[in-house]
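What you see is a predicted model; the values in this text were computed from it and never measured.
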Amino acid sequence: MKKYPEYKQLNLPQISKDMLKFWEENSTFAKSVSSREGKTPWVFYEGPPSANGMPGIHHVMARAIKDIFCRFKTLQGYQVKRKAGWDTHGLPIELGVEKTLGITKEDIGNKNSPKYISVEDYNKACRKEVMKYTDKWEDVTAQMGYWVDMSDPYITYDNKYIESVWWLLQNLYKKNLLYKGYTIQPFSPAAGTGLSSAELNQPGCYRDVKDRTAVVQFKVSEASKVRIQSSKDDIYFLAWTTTPWTLPSNTALAVGKDIEYVFVNSFNPFNGKPQTVILAKELLNKYFSEKHTDLKFEDYKPGDKNIPFKIVGHCKGSDLAGISYEQLLPFVKPEGEAFKVLVGDFVTTTDGTGIVHIAPSFGADDFKVAKQNEVGSLTLVDRRGKFLPEVQDGVFLYGEEYVKEAYLSEEEKATEYAKQKKILEANGKIKDLKVYLSVDERIVLKLQEEGKLFKKETYEHSYPHCWRTDKPVLYYPLDSWFVKVADNRERLFNLNKEINWKPESTGTGRFGNWLENALDWNLSRSRFWGVPLPIWRSEDGAEQICIGSVEELQKEIENAIAKGMMKENPLSKFKAGDMSKENYDTFDLHKPYADSIFLEKNGKKLVRDSDLIDVWFDSGSMPYAQVHYPFENKELIDNKKYFPADFIAEGVDQTRGWFYTLHVIGALCFDSVAYKNVVSNGLVLDKNGNKMSKRLGNAVDPFFTLNKYGADATRWYMIANAAPWDNLKFSWTNIYEDENGKRIEGTEKIPAEILSKYKIVDGHSDGIEEVQRKLFGTLYNTYGFYALYANVDGFLIDEKNIVPVKERQELDRWILSKLHSLIKEVTEQYENFEPHRAARAIEEFVDEHLSNWYVRLSRRRFWKGDMSTDKKAAYETLHECLTVVAQLMSPISPFFGEWLYQNLTNPIRENAIKNNTPLQYESIHLTNFVKAEAAVIDVNLEQRMELAQKISSMILSIRRKENLKVRQPLQKIQIPILDKEIQTKIEAVKNLILAEVNVKEIEFVDESQTQIIKNMKLNFKTLGKKCGANMKAVQSFANENSAAIIKGIESYGQFTVPVNGAEIVLETEDVEIIPVDIPGWKVANNGPLTVALDVTLTEALRQEGLAREVVNRIQNIRKDKGFEVTDKILVKIQQNANLDTAIKNNLSYICSETLTGDLQLVQELSASNASTIEVDELITTLISIEKLN
RNA sequence: UGAGAUAUAGCUCAAUGGUAAGAGCACGUGCCUUAUACGCACAAGGUUACAGGUUCAAGUCCUGUUGUCUCAACCA
């Protein structure tokens, strides 16, 4: 006879290990996919993580979310393939290699460096580095129960993958969506390279620096002067700059369209000349003190500190547009139009003057506005960060000098200082120069002398620095390849409307807004380890080729060889059309190999553009590249079998990352969304809401967590605790140990110096422990209860022979109704990608309903008597609840769900297979998701039971107040009834209530029998429509006349309230009448319910109570002695005058409750073979219990 | 600076615009009723961040402020 396994204790980590072993031995994951062969696919794309970093707890969170829906959809019968992937390119990998090898970018390919490394070796190192933690990732994946196929992952550095990426690029190129242009990018002259925003966002890159800033005067040209004001004085625009070194490259000024500007007559503060200046009205008093409003112009003498001023005109920014001004520092004339006022939407009046100096080469906004207005630019700084030779006047500026002081070495500074001192002193500009003057300072001096300076000051602001050289970054125009995104915004935006975003606001807000303002995508990266841009150009730029496949490249090389541009074909071993791995391993498309390929077109030699492409393009290409589209699996994409994805999920930080690049590539290459549903999950923060970081010591090691609590509790905690898109404050306390074995608990952030002495050795999570107790512990116990009695009875589920639900008793039908309501709810929540709601619903069902109501109230059915239909029904009901719960929870807690299912069904597996019934599957993950049966759901029944639960709770509450133990039987509950329907409902569950609260009868009373004090509550929902603005009046009337209203409603079904001359008729639905008290009784209220308890104790009741105490003591002793629940016993109790009658009067009750075959009241028991029991405070006696035969 | 999110009990979270704001944990009290003390029950706990507004009615809608988180940027 097979039995249900019984356990001593719940051990979740062990369950995880056992089930993992089972899955591995039985290839359960593979079966869950193969068993759905031919079914509708549900397409999931795995966002590739980078294996050069250790997996963190946030990965567990993100992957749990992915896993949940993939498992759920599999259960629903879809085929869900999950191909793993690795993101292998990009800066973090390069940085990792450089750290490992102890080198910097300068050493790469630089033979003069002592640490020289060839690009080839460097890239080899990257290839190795990128898979550094692959085994850790595989461990965490297995341990957390994330099902993803890691046997054949897509790898972004793979030649096949790159080939698909090239194909996509060529596709864009052919559609004319790829172009070469230049943009302003952060650039480190010291390192000679552009910087990505990721690099700029390295900690410590933004630093507060003090800069020389200046408010500069731009003189309105004679031609424009007439247009704005007739004045004999010169007119100047005032513009503020924090980077005076960009002033020689100024080609325009920008104003805000709707900003108000004023014309102010005044004097130049440095040379005292009368002048008119233009600036934003709002900022007037920043430069002209209100105190000086009344100063007389006549009294002013050059050099006076207080300068008189007068506003002589107003206008809006738009009125200033087009006005031309004189070049401020005419070292070089720009090509094209320049030196006019433009309107820029970025102009504000938060600081400066409301007029912005525009140097298109050195600011992104500047560049944009200049381009829009077709204004030319000047780039008077070279890539080394030095002025061009032209920027010199022989006095203040000398040409070819660093524009930032920080770029000079101390030595250079000293030399420059000597030079400056000589020149400036010789020209009489400065008497005794003490220190090196920066370019900024000297430009300001020059402007001051030329009467073009209005104000100078030092200003502290944060400015980005190169993370490698520590030197300030410049914004500099760099050549790049762009994807034309801006022109296709509308299509991108409209396609986005087809995507179901979770949460919606990320889609419409963060993502939608981003699309609406999307700029062209800069693909170029000047790095070493990445996908090379497949574009070859002639030196003059006249000819270019964009390669879209290896075969094409091979042919072009052949051509180049034929034309003498190349000698050998590095792709000679490649056989076109052979898709084998071996064939694709015969070459490498990375640098430096790609750079040694030269092509030919129209007689010109073509050289590859040395840039790599943005790694985001790699990952955005994965829908196609993972299947080597279009070279293989063409139909999967073209016929939309494996595209677009039904579901993707990543962190919300991917909104402008992977989500965006997938969307752009899908839209531009295939005019389709790339995914239909997307969950953008929030971050995992530490328990105080701080970002986790290793540096601060508040990071959570997923391996500790998984080892300690197992995957199920961890996953459940993370899912149930917060919506996926809300940040999760992860409850976790690290435990540190120093070298002497001393342990401390990390509750707050640990300072680095302490952290360095300690090692994290363990930790604990209050949150996970709660889940473990509350959900898994409860479920474990419930299963244990089932197994215990089923084994005693030798009961096994027989799917072919089940008591029809209709024939089961109220309690069974109730829990089944609850169960099927739960199925409905959980299905909906999973369908809606709201796993936290599913989890919470399951928790409530298990704890509140199944364990603490159904099992508690059904207990005796499981052990009383022989196998009856009712008993069988109880087993079947509980079995169904447990198996269904196991399935509902299995997407979230796959190990425990599996464990529970197997315990419940392994004993009957063979039969189920023979009978082809639902429990035939060896794993829960191969089963079919249950469907809620409408016929089983009985809302009325659920309401009835809720009444029973509420009433019980209310009675218990009265008992507690009155200090009456539940074990003490009481005579009567009274429930005042105003509504017969409620009475009917309560009648149906009467016996459950009585048993639960240990009372003998319920009496329903109405006013004919007893006085009931009533209260009323207005139903504002129905009254709102009726009363509108009169609501308040009705309300106050009702407060004062509640008795009359109650009477009116009860007698006539309506009551007329006079308000403000009108009349409002209250009807039954508008008023809720609630009984609140029965005078003379102990009463409890809960919403519309009121119950009263008769607390008088008769002698009979008291005796019965004592009998129950005795039963309880006997049960305890049975348990202490380790008797089986089926053992019959002989009980001897030492006589006690206060107890004997109670025992005699309740003898049969005591005996049947305790399986006592014989109960004897004896004169005396020897203390040596009897136990002392205290029945209540006053009664103590001795008792002995023996097993009968 | 911009965009998005968020702010409810000590903590973690609920609450179709309807008037007594709910759970769980922690705390307190009482209970070992043949599943479960890793349990059960009962209590206590709130100016719904702040300030305005819309509405008969606001935790909920609108505006502003403040705090926190994320992303993007840092430009005069």
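For the salt bridge (Lys or Arg N to Asp or Glu O under 4.0 Å) test, no residue two or more places apart in sequence or in another chain qualifies with E844(A). Taking the side-chain hydrogen bond (donor to acceptor under 3.5 Å, both in side chains) definition, one finds that R859(A) meets it with nothing, sequence neighbours left out. Under the rule for a salt bridge (Lys or Arg N to Asp or Glu O under 4.0 Å), K456(A) has no partner lying at least two apart in sequence or in another chain. For the salt bridge (Lys or Arg N to Asp or Glu O under 4.0 Å) test, residues two or more places apart in sequence or in another chain that qualify with E1104(A) are K1000(A). D793(A) is linked by a side-chain hydrogen bond (donor to acceptor under 3.5 Å, both in side chains) to K871(A), Y875(A), counting only residues two or more places apart in sequence or in another chain. For E1109(A), the salt bridge (Lys or Arg N to Asp or Glu O under 4.0 Å) partners at least two apart in sequence or on another chain are R967(A), R1113(A). Take T1022(A) and apply the side-chain hydrogen bond (donor to acceptor under 3.5 Å, both in side chains) test, not counting sequence neighbours, and it matches D1070(A). Not counting sequence neighbours, the partners of W501(A) by the side-chain hydrogen bond (donor to acceptor under 3.5 Å, both in side chains) test are N496(A). For the side chain to side chain contact (heavy atoms under 4.5 Å, CB included) test, residues two or more places apart in sequence or in another chain that qualify with I259(A) are Y261(A), A280(A), V347(A), T349(A).
Proximity of a side-chain donor or acceptor of T213(A) to a complementary backbone N or O of E457(A) within less than 3.5 Å is detected. Listed for the D847(A) side chain is no donor-acceptor partner under 3.5 Å among the backbone atoms of E843(A).
Out of U19(B), G4(B), C32(B), the shortest distance to the side chain of S505(A) is found at G4(B).
Per the geometry, NZ belonging to K502(A) stands 15 Å off P belonging to A5(B), to the nearest Å. In this structure, the CG atom of D726(A) is 12 Å from the C1' atom of A7(B), given to the nearest Å. The separation between Y786(A) atom OH and U36(B) atom P is 19 Å, rounded to whole Å. Atom pair R840(A):CZ and G22(B):C1' shows a separation of 13 Å (rounding to whole Å applied). Rounded to whole angstrom, the span from the CG atom of N963(A) across to the P atom of A41(B) amounts to 19 Å. The CD atom of Q185(A) sits 15 Å away from the P atom of C75(B) (whole-angstrom rounding). In this structure, the CD atom of Q949(A) is 14 Å from the C1' atom of C40(B), given to the nearest Å. Rounded to whole Å, the distance from CG on L1018(A) to C1' on C56(B) is 12 Å.
Taking 4.0 angstrom as the limit, S953(A) places a side-chain polar atom (N or O) nearer than this to OP1 or OP2 of C42(B). Phosphate proximity of U36(B) to Y780(A): absent, as no side-chain N or O sits under 4.0 Å from OP1 or OP2. For S957(A), a side-chain nitrogen or oxygen approaches OP1 or OP2 of A43(B) to under 4.0 Å. Between R837(A) and the phosphate of A15(B), there is a side-chain N or O to OP1/OP2 separation shorter than 4.0 Å. At least one side-chain nitrogen or oxygen of Y475(A) sits closer than 4.0 Å to the OP1 or OP2 atom of C74(B).
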Per-nucleotide protein contact string for nucleotides 23-28 of chain B (B base, S sugar-phosphate only, - none; heavy atom under 4.0 Å) | -SSS--
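Sequence order on RNA chain B of the closest nucleotides to V1076(A) and A214(A) puts V1076(A) first from the 5' end. Residue-to-nucleotide proximity on RNA chain B shows that, of F1020(A) and E1109(A), the 5′-proximal contact is made by F1020(A).
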Passes side-chain contact (heavy atoms from CB on, under 4.5 Å), V216(A) versus F218(A)? Steps please.
-> CA-CA 7 Å; V216(A) 181; F218(A) 290 86; 4.1 Å; yes
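If you take atom C1' in C11(B) and the same atom in G45(B), they sit 13 Å apart, rounded to whole Å. Nucleotides C25(B) and A3(B) have their P atoms positioned 42 Å apart, rounded to a whole Å. Between U19(B) and G59(B), the distance separating the two P atoms is 10 Å to the nearest Å. Annotation: A15(B) and C32(B) have their C1' atoms spaced 37 Å apart (nearest Å).
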Set out, line by line, the N/O atom pairs under 3.5 Å between protein and nucleotides 69-71 of chain B.
unit_1 : atom_1 : unit_2  : atom_2 : d
C69(B) : O2'    : N727(A) : ND2    : 2.9
U70(B) : O2     : R510(A) : NH2    : 2.7

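Within the nucleic acid shown, R859(A) comes within 4.0 Å of at least one base atom, counting heavy atoms only. Among the protein residues, G784(A) comes within range of no part of the nucleic acid, since none of its heavy atoms lies under 4.0 Å from any strand. In this structure, E844(A) reaches neither bases nor backbone, as no heavy-atom distance under 4.0 Å exists between it and the strands shown.
Y660(A) and F511(A) have perpendicular rings, their planes meeting at more than 60° on a 0 to 90° scale where under 30° would count as parallel.
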Any chance you could encode RNA chain B as dot-bracket? Rule is Watson-Crick or G-U wobble with both distances under 3.5 Å; [ ] for pairs crossing earlier ones, | for another strand.
-> (((((((..((((....[...))))..((((.......))))......(((((..]....))))))))))))....
